[in-house]
Amino acid sequence: MNKNWKPETMISHFAEDRQKYEGAVVPPIFQNTLFTFENWEAIDAAFDDRINTAIYSRGKNPGVDIVEKKLAQFAGGEKARLFASGMAAITAAVMHCISAGDHIIAIKNIYGPANNLISVYLKKKMGVETTFVSGNDVEEFRNAIKPNTKLIYLESPSSAIFSIQDIKSICILAKSRDIKTIIDNTWASPVFQKPLEMGVDLEIHSCSKYIGGHSDVVAGLIVGSAKEIDSIIVNEFELLGGKIAPIEAWLLMRSLRTLPLRMKAHQENAIKVAEFLETHAKVAVVNYPGLQSFPQHQLAKKQMSGYSGLMSFKLKTSDLLQIKTFFNSLQIFKIGVSWGGHESLIYAPAISYLKELSPEQFDRLGISLGDMRISVGLENADDLIEDLSLALNTIK
């Protein structure tokens, strides 16, 4: 494989042995639970290397293995493991890095269920303590470190407000204190951001978003060194059982073939929509790292090669009736909790955060009922802007 090939070429061809499957341009789905062996010696040898041998599809599946190799190569990691969901990947990665009584530092605007996992569930079950920081200054992390700090959990850009963390500087600090780092890189995707190259230990993705891209797959991913991933495979992956189905991995392989092209289109549409919103009289602020006006735009440019289609904005009203009228007036933007697919979506984060988090946790996020999150899809940008304009005009 030519290392100089562009990502779209690499994704289409890497890890595929087409002659092995009679020249099939698309590798087959191995929709089976187990793999049989010729004799005692063969299966005995397989168990000696169960990480890399197909024995049972809760471990290695040949079709899934192809997709994992593609994703690892694309993200710049040595190895990858696919999971049944983004939360399965997050849980496995966090559990891999911590033990009972440890301390975690996390940014406050992380994905709601991830917040609950580390600050509520693990505290109750394992006595794990978490310190939340804004993430805007490396000194926040330095000041939060305790003797039992074992993990720094990042999400850059973050949920809801899309704040950026200085990934490289934080990783240098973490390594100097023997602290593991995890980053949720779902927003940028491997197309626009390479955290492993900046020193992160484990990179997480919800493949349900841009990597899947068609709103038809729920899956998660961890990428890292072979040593870290192999340890996760024989512990958190096998014991927690969050394996991906062969058909879902195959659908991800389909999606990978168009990922760079889709991300470019999402970015082009999102920039136009964001520029429209930031000049609208009914919008107080737009949170989108791709805007020149975004407070951390220079850091975003330094760390990322591009910007995705997810952003938020705050309406200039706190009147719930007017907020609902705007929300319900949109026609092209459909109402939905996920994002990263071909369709444009809108969601008010406060709806679920108020149900998932305590009032204290919600207050720390710094969002309100008037904060809208939109996922700009692949429709015509002018149509999306007109849809938003008509809905915004309903606000008095």
Exercise for review: Kindly say whether S163 contributes a backbone atom to a donor-acceptor pair with the side chain of S158 at under 3.5 angstrom?
Suggested key: yes

Point to revise | Short side-chain to backbone donor-acceptor contact, S85 and A219, under 3.5 Å | key: no

Revision key, fill the gap. Distance col, row K302:NZ vs I167:CD1, nearest 0.5 angstrom, shows 10.5 Å

Review point. Is the cationic atom of K282 (NZ for Lys, CZ for Arg) positioned less than 6.0 Å from the six-membered ring centroid of F326 and within 45 degrees of its normal?
Key: no

Review point. Does the side chain of S215 pick up a donor-acceptor pair with the side chain of H342 at under 3.5 Å?
Key: no

Review point. In this structure, which one of V273, L291, T279 forms a side-chain contact (heavy atoms from CB on, under 4.5 Å) with V286?
Key: L291

Check your understanding: Are any of the side-chain nitrogens in E343 or K334 under 4.0 Å away from the carboxylate oxygens of its partner?
Key -> no

Review point. Does one side chain, of D387 or Q331, offer a donor that lies under 3.5 Å from an acceptor on the other?
Key: no

Check your understanding: Does L251 offer a backbone N or O that forms a donor-acceptor pair with the side chain of R254 under 3.5 Å?
Key -> yes

Exercise for review: Calculate, to the nearest 0.5 Å, the distance between atoms CD1 and CD1 belonging to I152 and I107 respectively.
Suggested key: 11.5 Å

Exercise for review: Answer yes or no: is there a donor N or O on one side and an acceptor on the other, between the side chain of E155 and the main chain of S159, under 3.5 Å?
Suggested key: yes

Exercise for review: Please round to the nearest 0.5 Å and tell me the distance separating atom CD1 of I211 and atom CG of L82.
Suggested key: 8.5 Å

Point to revise | Euclidean distance, L252 CG relative to L221 CG, rounded to 0.5 Å | key: 9.0 Å

Review point. Is a salt bridge present between K180 and E228, judged by a nitrogen-to-oxygen distance below 4.0 Å?
Key: yes

**Study point:** E379 side chain to S344 side chain, donor-acceptor N/O pair below 3.5 angstrom
**Key:** yes

Check your understanding: Under 3.5 Å, is there a donor-acceptor pair between the side chain of K194 and the main chain of P190?
Key -> yes

Exercise for review: Please assess L151 against V94 for the test side chain to side chain contact (heavy atoms under 4.5 Å, CB included), listing each intermediate value before the final yes or no.
Suggested key: CA-CA 8 Å; L151 172 64; V94 171; 4.1 Å; yes

**Study point:** For the student: nearest non-hydrogen atoms of A160 and S312, plus distance
**Key:** O-OG, 2.6 Å

Check your understanding: Is there a donor-acceptor pair under 3.5 Å between the side chain of H103 and the backbone N or O of N148?
Key -> no

Check your understanding: Are any side-chain N or O atoms of Q165 and backbone N or O atoms of I170, one a donor and one an acceptor, separated by less than 3.5 Å?
Key -> no

Review point. Charged N to carboxylate O under 4.0 angstrom, D201 versus K175?
Key: yes

Point to revise | Short side-chain donor-acceptor distance under 3.5 Å, S368 and K314 | key: yes

Review point. Would you say the side chains of D184 and T186 form a donor-acceptor pair under 3.5 Å?
Key: yes

**Study point:** Any pair counted as ring pair (Phe, Tyr, Trp, His ring centres under 6.0 Å), so long as it reaches residues 251-291, sequence neighbours left out
**Key:** Y210-H266, F276-H280

Study note, to complete from the structure: NZ (K70) and CZ (F14) are apart, to the nearest 0.5 Å, by 8.5 Å

Review point. Quick one: do the S189 and Q193 side chains pair a donor with an acceptor below 3.5 Å?
Key: no

Study note, to complete from the structure: So CD1 of I118 and CD1 of I105: to nearest 0.5 Å the spacing works out to 11.0 Å

Check your understanding: Is the backbone of S99 close enough, under 3.5 Å, to the side chain of D102 for a donor and an acceptor to pair up by distance?
Key -> yes

Review point. What class does the angle between the rings of Y307 and W187 fall in, given that below 30° is parallel, 30 to 60° is tilted and above 60° is perpendicular?
Key: perpendicular

Point to revise | Ring-face cation of R81 near F237 (centre distance under 6.0 Å, axis angle within 45°) | key: yes

Practice item. State whether a side-chain donor-acceptor pair under 3.5 Å links K209 with S206. Key: yes

Check your understanding: Do T91 side-chain atoms and A88 backbone N/O form a donor-acceptor pair below 3.5 Å?
Key -> no

Practice item. State whether the side chain of N109 and the backbone N or O of I161 hold a donor-acceptor pair below 3.5 Å, judged by distance alone. Key: no

**Study point:** Salt-bridge present (K243, E68; N to O < 4.0 Å)
**Key:** no

